[in-house]
Amino acid sequence: MIWIFICIDVIIFIFMDAKLYNYYWFIRCYRDKAVIRKYYRLVAKEKKRLESLGVDKEEIRLLCRFLANTRNAQAEKRLESYRKNLLKRQLSV
């Protein structure tokens, strides 16, 4: 039963990363403020959708923090550390 939840979480991570990576790529690359606002609205909508699916809010926050600036090594470390701890907690249950 635990493995089913882990597999579902992995599938959600794949889709979560794909859309959010795409949206944040546009945010980082475009200079037009109207386009950037549009993609921030899409990010907010995607975050709400993921929260309704049961994805951890803190993980979403850390992922978005990393995607906003992919050169931020500290944000990447925190995200990886949080995902490892989350996996450990799920396996120990």
For this session: For side-chain contact (heavy atoms from CB on, under 4.5 Å), just list the numbers for Arg83 and Leu63, CA-CA rounded to whole Å, side-chain angles, deciding distance to a tenth of an Å, and then say yes or no.
Result: CA-CA 10 Å; Arg83 282 185 172 170; Leu63 177 65; 4.0 Å; yes
Exercise. For Arg61, which residues count as a salt bridge (Lys or Arg N to Asp or Glu O under 4.0 Å) partner, sequence neighbours excluded?
Worked result: Glu58
Exercise. Please walk me through it: do Arg89 and Leu86 pass side-chain contact (heavy atoms from CB on, under 4.5 Å)?
Worked result: CA-CA 5 Å; Arg89 280 186 268 153; Leu86 188 64; 4.0 Å; yes
Exercise. Would you say the side chain of Arg37 lies within less than 4.5 Å of the side chain of Arg41, judging by non-hydrogen atoms?
Worked result: yes
For this session: May I ask you to decide if the ring planes of Tyr39 and Phe26 are parallel, tilted or perpendicular, using 30° and 60° as cut-offs?
Result: parallel
Problem set entry | Sequence-distant partners of Glu80, salt bridge (Lys or Arg N to Asp or Glu O under 4.0 Å), two or more places apart | none
Seminar exercise, completed: Output for pair (Arg65 CZ, Asn72 CG), nearest 0.5 Å, gives 5.0 Å
Problem set entry | Reported OH-to-NZ distance for the pair Tyr23 and Lys38, which is rounded to 0.5 angstrom | 9.0 Å
For this session: Please report the closest heavy-atom contact between Arg28 and Leu67, naming both atoms and the distance.
Result: NH1-O, 2.5 Å
Seminar exercise, completed: One should read off an interatomic distance between Leu53 CG and Arg49 CZ, to the nearest 0.5 angstrom, of 5.5 Å
Exercise. Which atom names give the shortest non-hydrogen contact between Ile60 and Val55, and what distance separates them?
Worked result: CG1-CG1, 3.8 Å
Exercise. At their closest point, which heavy atom of Cys64 faces which heavy atom of Tyr24, and how far apart are they?
Worked result: CB-OH, 3.3 Å
